[in-house]
Amino acid sequence: MINDSVTKLNVINENENIFDSGKYIIPLYQREFAWEEKQLQQLIEDIDDIGENENYYLGSLIVYKNKDKYEVIDGQQRLTALFLLFNCLGFKVENNLEFSCRKKSNYTLNNIKALINDKNDLDNDLIEIGIKSGIKLLIELIEKLDNKDKFIENLKKVILYRIEVPEHTDLNHYFEIMNTRGEQLEQQDILKAELMSYLSDDNDREVFATIWDACSDMTGYVQMHFVRKNNRIRNNLFGCYWNELPSKNYEDIPFNNYEDIKNIIISKDDEENTEKTNIIKNNFTMQEIISPNFKIKEDKIIDNENEDTRIRFESIIDFPYFLLHTLKVFIMGDKPKYNIQKLLDDKKLCKTFEDLIKNEYKDNKENFSKEFITCLLKTRFLFDKYIIKREFLKDDSEGVWSLKSISTSGQKSKKKAYAKNTYDYKNPITNMTNIMIQSALRVSYTSPKNMHWITELLGGLYYKYNEYIYNYATKAEEIAKEDIRVFLNNKRNYSIGVKTPHIVLNFLDYIIKPKEYNFLNYDDFVFEFRNSIEHWYPRNPSDGTIPIWEEDEDGSVDRFGNLCLVQRTINSKFSNMPPEAKSKAFEKMIAKGSLKLRIMSEITGNAQDWKITTCEKHEKEMLGLLEKEVL
């Protein structure tokens with residue numbers, strides 16, 4: 001106990017967990033459990049990554065205490081996630097979590113053991129799908145842990161602060177305030193200030209801040225974040241068509257004094273933007289002008305076929321992770337060979353930089369800031385041009401995978417940008433090959449902590465540009481093959497079920513050729529977030545039959561031939577239906593699924609045929625494709 005209202009809690013210890021200390025009530029004004037794969041995977045990875053002498057602070061739990069019950073005002077998502085996690089780990093957990101006036105949520109929690117054991121005697125109409133999906137995902141994530149015992153030990157280091165609000169608090173008003181509070185200062189802001197403090201010259205600090213702020217906006221293309229009169233800064237940095245590699249030498253940055261920056265950022269004869277005129281009249285400081293909160297009019301990115309069409313591009317990673325990728329690129333070349341931990345962790349952003357500077361640049365911090373900011377600009381240009389994005393056109397809310405770069409039309413102040421395929425846009429096959437392999441990597445490594453393929457591609461482009469751009473798809477394929485070789489060389493043990501690396505199944509879809517399977521429709525195939533491994537023949541068939549592979553070690557239900565990737569919503573719909581029932585009931589859904597799933601559905605006969613011959617034949621065929629391509 002810290003004081004009367006704040007209690008420091010270890011989520012588990014040797015004898016109990018937080019659900020032994022009282023009952024938690026989730027009030028009706030709170031939403032249902034909504035954590036999905038991104039949040040649950042982050043939780044598991046963060047706990048698994050706790051250091052030997054570290055604690056992990058999960059945050060605060062704001063509650064209103066009424067006798068021995070705690071009404072949860074803030075923090076119910078992480079609290080529910082812990083309840084599910086403890087049950088999935090097999091802990092003895094008291095049923096001390098309850099949702100007010102939510103029958104489905106409470107029914108699901110009360111039957112959590114049956115859901116974990118995949119029992120078929122529950123009322124599916126009363127199952128809360130969000131909780132059920134969370135349970136299934138947590139089971140998969142736990143099965144993939146390298147060391148489950150170590151993970152449980154790490155749970156003892158997870159700390160939660162339970163904060164009780166005073167009696168007679170207006171809970172609805174408090175909840176509203178908690179959900180509209182302002183954003184806190186982030187690590188990237190602290191890091192920016194620290195790196196700028198190493199620079200002794202005002203001009204250098206202005207240059208640093210200008211580049212940093214342009215790169216920190218991960219939407220669209222970095223060229224478009226240098227918004228200046230007559231496009232002068234874009235022309236200087238990226239050439240007249242805005243698509244040339246910027247220099248990696250700080251001395252070559254084309255604005256290196258305060259007056260030059262000032263003239264680029266503001267212009268006295270710019271009548272189109274009154275905000276810029278107000279800058280001159282009111283004598284704003286340069287620091288105010290380049291601050292993230294300062295608003296100025298942005299250019300539009302124009303589609304080359306229709307100038308009235310607005311295009312929006314969305315990055316696949318956030319800026320803190322991009323900083324970590326850039327730092328790894330920074331030390332790849334002739335920089336000091338300091339070993340940065342492999343795992344990318346945005347929570348350790350500042351510490352990662354501090355450790356490198358302390359070990360390699362403690363006597364030359366100013367030089368580090370200059371070198372890093374130029375590396376940041378060039379790496380961001382390469383990232384925008386050669387790493388896939390999501391592209392949204394008109395009213396499209398889903399987006400498509402895109403690999404495009406910026407070019408221009410028009411002259412001087414009338415110059416406009418448009419997006420074109422990064423490679424030879426007259427030969428879209430080359431472009432599409434790169435989109436396909438990168439999207440296969442993207443949907444396989446869903447956690448930003450494990451997207452090392454981005455670092456490898458950016459590093460190759462940064463230091464061996466000409467070699468990489470002509471063999472780019474091949475380079476990306478080689479990255480994918482690294483983990484696939486580990487799988488194929490794993491003592492020929494392919495019956496590992498949900499532990500099968502997703503890149504293996506996605507790469508298989510990448511290499512399947514139409515001419516070999518002429519019944520497949522490839523025109524509508526794209527790599528999507530199919531993050532759940534489905535057993536085509538289920539573990540516990542819903543028709544009540546005994547699993548036909550229960551005692552067969554050579555033909556386990558977990559064997560590779562019986563597996564495919566599906567979206568989690570589809571996995572829930574498939575449930576425990578036998579193969580032939582799935583194939584008939586979900587024909588349209590399967591027709592848009594993974595290529596391996598489509599093949600399995602096409603060749604499925606009855607369950608007994610699948611067991612005796614079809615699954616084994618399919619498995620040998622699929623493994624043969626992988627071995628031919630990878631080994």
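All residue numbers refer to positions in the sequence shown, counting from 1.
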>> So that I know where these two stand, are F353 and F372 an aromatic pair - ring centroids less than 6.0 Å apart?
In response: yes

>> Looking at every non-hydrogen atom in both residues, tell me the closest pair between D346 and P320 and how far apart they are.
In response: CB-CB, 4.0 Å

>> Is it true that, when you exclude D146 itself, more than 12 heavy atoms of the residues, nucleotides or ligands shown sit nearer than 6.0 Å to its CG?
In response: no

>> Looking only at side-chain N and O atoms, does E467 offer a donor or acceptor that is under 3.5 Å from a partner on N471?
In response: no

>> For K156, is there an ion pair with E153 - N to carboxylate O distance below 4.0 angstrom?
In response: yes

>> Assess, by modelled atom type and distance only, whether the side chains of S405 and N243 contain a donor and an acceptor separated by less than 3.5 Å.
In response: no

>> Less than 4.0 angstrom from a charged side-chain N to a carboxylate O is my criterion; do D201 and K370 meet it?
In response: no

> Does K481 pair with E478 as a salt bridge, N-O distance under 4.0 Å?
Replying inline: yes

>> Students often mix this up, so state it plainly: with edges at 30° and 60°, are the rings of Y386 and Y465 parallel, tilted or perpendicular?
In response: perpendicular

>> Could you check whether E371 and N367, counting side-chain N and O atoms only, form a donor-acceptor pair closer than 3.5 Å?
In response: yes

> Parallel, tilted or perpendicular: which fits the ring planes of W212 and F319, with parallel below 30° and perpendicular above 60°?
Replying inline: perpendicular

>> Could you check whether W242 and F381 have their ring centres less than 6.0 Å apart?
In response: no

> With distance as the sole criterion, is a donor-acceptor pair present between the side chains of Q41 and T446 under 3.5 Å?
Replying inline: yes

>> Taking the basic N atoms (NZ, or NE/NH1/NH2) and the acidic carboxylate oxygens, is any pair closer than 4.0 Å for D49 and K348?
In response: yes

>> Strictly below 4.0 Å, N to O, side chains only: are K389 and E391 in salt-bridge contact?
In response: no

>> Determine whether F383 and S315 satisfy the following criterion, side-chain contact (heavy atoms from CB on, under 4.5 Å), listing intermediate values before the conclusion.
In response: CA-CA 9 Å; F383 177 84; S315 171; 3.6 Å; yes

> Using 4.0 Å as the upper bound for N to carboxylate O, is an ion pair formed by D345 and K351?
Replying inline: no

